[in-house]
Amino acid sequence: MDIRRLRFFITIVDTGSITRAADVLHIAQPALSQQLAALEDHFRKKLLIRGQHGVKMTDAGKILYRHAQIVLRQMDQAQAEVMNAGEVLNGRVSVGLVPFSSAGMIAVDLITRARERFPGILIELTESVSQPYSQMIMNGRLEMALIHGAGPIKGVKFEQMLREEFFLVARADMVEEWAAEESVTVSSLAALSFLLPPAYNFVRRAIDVAFTRSRTELKVVAEIDAVRTLSSAVQNGLGATIVPRAIADRIVREGDEIAIKKITNPAIGEALSLCTAEHAPLSEPAAAIRDLLVELTGTLPTQPG
């Protein structure tokens, strides 16, 4: 098989249409359509369905997309290792760091130390909520990620690094009644208005579970999936929030008169795990970055898992 066809297929899927893919690849659209037809003929399967709003993968297409990502990454890595045989580690390594977690605290350190130790490795760093990282790992778009949760998810391997505890964060004048208290119970929070991540976020899920178990109403006035916007909203007194300590400390640094309170009865928290593909071994450069991630995660000021 011409490996270029795999690259063409991935680009078509990522751009959402053959027309856009042709523009990106600088290939005539009829020629790109012929390459896709040849790929479908090779596998004797329909891989994409064309519609008014672009293309959609069939079940066979989803399987090929996942394997194509892995094959192309291995080919690129093989070329880099052959070209640099006997020299320093070289290659591209994709890493995801989940937002609303302590993982963001090590992003700069990860890049800094990787440049010092492995100058030939290019890190692709993702901090996004547009798609679950576990799915991106299964699809081959990410090689590893620090994510909330401990699994299990078929096709993905979880290695729990630590457990993050979540804290109440609010402007001091909103929680004056607890000014002298180091901690508050979940049941005492019913009167507060909250700014929280969307329902699909693992931080939010842990919060929902805690409030449900304590039979306490959770009043959410806004769902915000950007830490910077959340910080600004809390500072402006639009509501309180519940976040991991690393995010709480960031909000305090960015504003004045912000209070942080430990939450009890029940405590709220979530596991932070290193996630990799279950059946795709890491390349030598990716294994080096994985070890560096484990090292840096061990420096985080959180509770061991």
Side-chain angles (χ1 to χ4, degrees), residues 10-11 14-15 66 69-70 72-74 76-77 80-81 84 88-149 153 156-162 164 197-198 200-203 224-231 243-247 249-250 253-254 270-277 280-302:
I10 288 174
T11 304
D14 288 348
T15 57
R66 181 175 71 252
Q69 293 277 4
I70 296 171
L72 291 177
R73 181 179 291 117
Q74 291 176 335
D76 290 342
Q77 188 59 45
E81 290 182 12
N84 297 280
V88 297
L89 290 176
N90 280 268
R92 186 184 298 262
V93 179
S94 53
V95 180
L97 298 177
V98 66
F100 285 95
S101 79
S102 299
M105 293 179 64
I106 63 175
V108 174
D109 283 342
L110 177 64
I111 296 171
T112 301
R113 296 196 190 184
R115 288 186 62 185
E116 293 171 351
R117 300 184 191 181
F118 315 111
I121 296 178
L122 174 63
I123 294 181
E124 296 178 351
L125 195 61
T126 298
E127 291 185 85
S128 170
V129 294
S130 60
Q131 185 178 6
Y133 285 169
S134 56
Q135 183 177 337
M136 294 175 73
I137 288 174
M138 286 187 285
N139 287 340
R141 299 192 66 177
L142 282 178
E143 290 170 271
M144 68 194 75
L146 280 175
I147 68 175
H148 279 131
I153 297 177
V156 177
K157 180 171 61 178
F158 286 81
E159 182 180 356
Q160 187 170 333
M161 296 287 102
L162 50 88
E164 292 193 296
Y200 58 78
N201 186 287
F202 270 89
V203 172
I224 303 173
D225 64 5
V227 175
R228 179 177 297 179
T229 304
L230 178 66
S231 175
V243 290
R245 185 66 195 231
I247 306 300
D249 289 341
R250 172 176 170 176
R253 289 195 302 270
E254 293 176 350
E270 182 57 88
L272 187 66
S273 300
L274 179 61
C275 186
T276 55
L282 294 174
S283 64
E284 191 174 355
I289 297 302
R290 180 251 176 221
D291 291 344
L292 182 54
L293 262 179
V294 172
E295 176 187 326
L296 291 172
T297 304
T299 68
L300 292 172
T302 47

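Remember, it's a predicted structure, so these values are computed and weren't measured experimentally. Along the sequence shown, residues carry numbers from 1. In what follows, every heavy atom counts, from backbone to side chain, and hydrogens, waters and symmetry copies are set aside.
- Listed by chain and number, the residues in a salt bridge (charged side-chain N to carboxylate O under 4.0 Å, His left out) with E270 amount to none (sequence neighbours excluded).
- When all heavy atoms of I137 and A277 are compared, the pair lying nearest together is CG2-N, 3.4 Å.
- Interatomic distance, R92 CZ to S283 OG, rounded to the nearest 0.5 Å: 12.5 Å.
- Considering only residues two or more places apart in sequence or on other chains, D14 meets the salt bridge (charged side-chain N to carboxylate O under 4.0 Å, His left out) condition with R141.
- Looking only at distances, a side-chain donor or acceptor of T297 sits under 3.5 Å from a matching main-chain atom of L293.
- Residues S101 and P244 approach most closely at CA-CG, 4.2 Å, considering heavy atoms.
- Heavy-atom minimum distance, A114 versus L292: N-CD2, 3.7 Å.
- Atom OG of S273 and atom CE of M161 lie 7.0 Å apart (nearest 0.5 Å).
- Among all heavy-atom pairs drawn from H148 and V98, the shortest one is N-CG1, 4.1 Å.
- A103 approaches L97 most closely through the heavy-atom pair O-CD1, 3.7 Å.
- Remark: the backbone N or O of E124 is not paired with any side-chain donor or acceptor of S94 at under 3.5 angstrom.
- Across E143, E284, E159, E295, a single residue satisfies salt bridge (Lys or Arg N to Asp or Glu O under 4.0 Å) together with R290, and that is E159.
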Check the pair R253 / D249 against salt bridge (charged side-chain N to carboxylate O under 4.0 Å, His left out), numbers first and verdict last. CA-CA 6 Å; R253 289 195 302 270; D249 289 341; 5.3 Å; no

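- Here L272 contributes atom CG and Q160 contributes atom CD; the two are 8.5 Å apart, rounded to the nearest 0.5 Å.
- Side-chain atoms of L230 and F100, non-hydrogen and from C-beta on, do get closer than 4.5 Å to each other.
- V227 places none of its side-chain heavy atoms less than 4.5 Å from the side chain of V243.
- Inter-residue side-chain proximity for L282 and V93 is flagged as unmet; no heavy-atom pair is nearer than 4.5 Å.
- Listed for the E164 side chain is a donor-acceptor partner under 3.5 Å among the backbone atoms of S102.
- Contact detail for L110 and V95: the closest heavy-atom pair is CD2-CG1, 4.2 Å.
- More than 12 heavy atoms of other residues, nucleotides or ligands lie within 6.0 Å of CZ in R117, so this atom counts as buried by the packing criterion.
- Here the side chain of Y133 pairs no donor or acceptor atom with the backbone of L142 at under 3.5 angstrom.
- Atom CD1 in I289 sits 4.0 Å away from atom CD1 in I123 (nearest 0.5 Å).
- Listed by chain and number, the residues in a side chain to side chain contact (heavy atoms under 4.5 Å, CB included) with A226 are T229 (sequence neighbours excluded).
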